[in-house]
2 protein chains.
Amino acid sequence: MLSKKTKYALHALTYLGKHRDEKTVLIQDIAEDHGISHKFLENILLELKKAGILGSKKGKGGGYYLIKEPKDIPLSKVIRLLDGPIALLPCVSLNYYEPCAECKDEATCGINKVMIQVRDETLKILENKTLEDILKT
Amino acid sequence: MLSKKTKYALHALTYLGKHRDEKTVLIQDIAEDHGISHKFLENILLELKKAGILGSKKGKGGGYYLIKEPKDIPLSKVIRLLDGPIALLPCVSLNYYEPCAECKDEATCGINKVMIQVRDETLKILENKTLEDILKT
DNA sequence: ATAAACCCTATCATTTTTATAGACTTTATA
DNA sequence: TATAAAGTCTATAAAAATGATAGGGTTTAT
């Protein structure tokens with residue numbers, strides 16, 4: 001399951017996607033619209049900004065806005081950013097690799113082999129579904 | 001990522017699959033082979049038993065054994081049992097459905113729609129990969 | 001009778017996630 | 001140029017989930 005962080009991020013991105021005609025959107029507006037804590041959402045939007053997905057404008061009249069096309073924001077990117085690895089095991093993660101303590105030899109581990117396949121097929125899904133898919137339904 | 005519980009379960013199932021010639025296998029042997037806590041593993045094997053995946057024999061000379069064919073033990077079953085939902089959001093879970101608090105209307109929520117698609121495609125993968133795939137590599 | 005081995009429930013420790021707090025900086029505008 | 005609005009940043013606290021341990025109970029081969 002996705003963490004609330006990622007879930008909130010998706011709601012925020014959706015909201016921003018639906019308000020692309022406006023220059024900026026307030027954290028407060030998104031938070032209120034979904035009943036999310038303003039301060040919690042603040043941290044999330046900041047992370048999305050640092051990742052190059054959102055832009056922001058400070059000061060009075062400021063706010064957040066999408067800096068990328070919805071079609072260029074795949075679910076995989078959002079999930080990795082806020083939840084970490086997409087792989088089911090650390091020993092098959094592309095971005096967060098770590099060996100598994102209970103595995104004696106990765107090279108001959110059947111679990112490892114199968115999980116690599118699962119990872120690749122899962123990535124195909126999550127890289128192809130984008131914010132655009134969420135917006136167009 | 002999978003919890004350690006699920007990861008250990010997969011290792012235990014793999015071990016049991018490799019020792020199908022023996023009548024029973026001791027918890028202790030599996031635990032030692034992978035450096036897992038005996039007691040923790042005990043709980044896991046018990047759950048696998050209650051789920052109808054393993055059988056056991058009590059008393060001296062007892063132990064655990066696979067009660068199903070490896071090809072009939074899909075990853076989806078093991079993951080659901082020990083980790084819970086495969087869906088990324090509670091509002092699209094087939095087995096553990098719950099509404100999402102921050103979603104005003106599921107029927108018109110684009111996130112919901114896309115996550116249903118992700119769930120279905122993910123299930124296709126996890127229902128088709130079985131213990132057999134792990135054993136044969 | 002005894003020892004081996006699984007069965008069951010409760011509890012504790014650790015880690016991760018979720019949420020909050022508050023001071024700081026930037027900027028529009030009256 | 002003072003003020004209020006709005007994002008930035010770091011720290012910490014609260015809650016939940018996960019991982020691990022403990023110990024007594026029951027079954028069974030010998």
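In what follows, chains carry the letters A, B, and so on, assigned in the order in which the sequence lines appear, proteins first and then strands, with residues in each chain numbered from 1.
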Atom-to-atom span, [atom1] of [X] to [atom2] of [N] - whole angstrom:
X: A:Asn43; N: D:dT10; atom1: CG; atom2: C1'; value: 10 Å
X: A:Ile44; N: D:dT8; atom1: CD1; atom2: C1'; value: 15 Å
X: A:Lys49; N: D:dT8; atom1: NZ; atom2: C1'; value: 8 Å
X: B:Lys4; N: D:dA17; atom1: NZ; atom2: C1'; value: 14 Å
X: B:Met1; N: D:dT18; atom1: CE; atom2: P; value: 13 Å

Neighbours of DNA chain D within residues 72-81 of chain B, by heavy-atom distance under 4.0 Å: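 Under 4.0 Å from DNA chain D: no residue of residues 72-81 of chain B.
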Strand-adjacent residues in residues 14-36 of chain B, judged by heavy atoms under 4.0 Å from DNA chain D: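 Those residues whose heavy atoms fall under 4.0 Å from DNA chain D, taken from residues 14-36 of chain B, amount to none.
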With side chains defined as the heavy atoms from C-beta onward, is the minimum distance between [X] and [Y] less than 4.5 Å?
X: B:Glu42; Y: B:Leu46; answer: no
X: A:Pro85; Y: A:Pro90; answer: no
X: B:Val118; Y: A:Leu126; answer: yes
X: B:Leu10; Y: A:Met115; answer: yes
X: B:Leu16; Y: B:Leu131; answer: no
X: A:Val92; Y: A:Leu88; answer: no

Between NZ on residue A:Lys18 and CG on residue A:Leu13, distance to nearest 0.5 Å: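 These two atoms lie 12.5 Å from each other.
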Touch class at under 4.0 angstrom, heavy-atom based, for B:Lys50 against every strand present: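 Contact class for B:Lys50: sugar-phosphate only.
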Sugar-phosphate only, base, or nothing, as touched by B:Lys39 at under 4.0 Å among non-hydrogen atoms: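 Base contact.
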side-chain N/O B:Lys57 vs D:dA29 OP1/OP2, d < 4.0 Å: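 For B:Lys57, the contact criterion (side-chain N or O under 4.0 Å from OP1 or OP2 of D:dA29) is met.
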Joint hydrophobic cluster, B:Ile111 plus B:Tyr97, side-chain heavy atoms closer than 4.5 Å: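 They do not share one cluster, since no chain of ILVMFWY contacts under 4.5 Å joins B:Ile111 to B:Tyr97.
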ILVMFWY cluster, B:Leu75 and A:Met1 together (side-chain gap under 4.5 Å):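 Hydrophobic grouping puts B:Leu75 apart from A:Met1.
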Under 3.5 Å side-chain donor-acceptor pair for B:Thr24 and B:Lys57: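 Per modelled atom types, B:Thr24 and B:Lys57 side chains form no pair under 3.5 Å.
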Where chain B begins and ends its contact with DNA chain C, read 5' to 3' at 4.0 Å from heavy atoms: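 Contact boundaries, 5' end first: C:dA4 to C:dT9.
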5'-most by nearest nucleotide on DNA chain C - A:Lys5 or B:Ser56: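 It is B:Ser56, whose closest nucleotide lies nearer the 5' terminus.
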5' priority, DNA chain C, between B:Leu46 and B:Lys60 [closest heavy atom]: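 Checking each residue's closest nucleotide, the 5'-ward one belongs to B:Lys60.
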Nearest-nucleotide comparison on DNA chain D, the residue closer to the 5′ end among A:Gly62 and B:Phe40: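 Result of the comparison: A:Gly62.
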Under 3.5 Å: donor-acceptor pair, side chain of A:Asp133, backbone of A:Thr130: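 Flag set: sc A:Asp133 to bb A:Thr130 pair under 3.5 Å.
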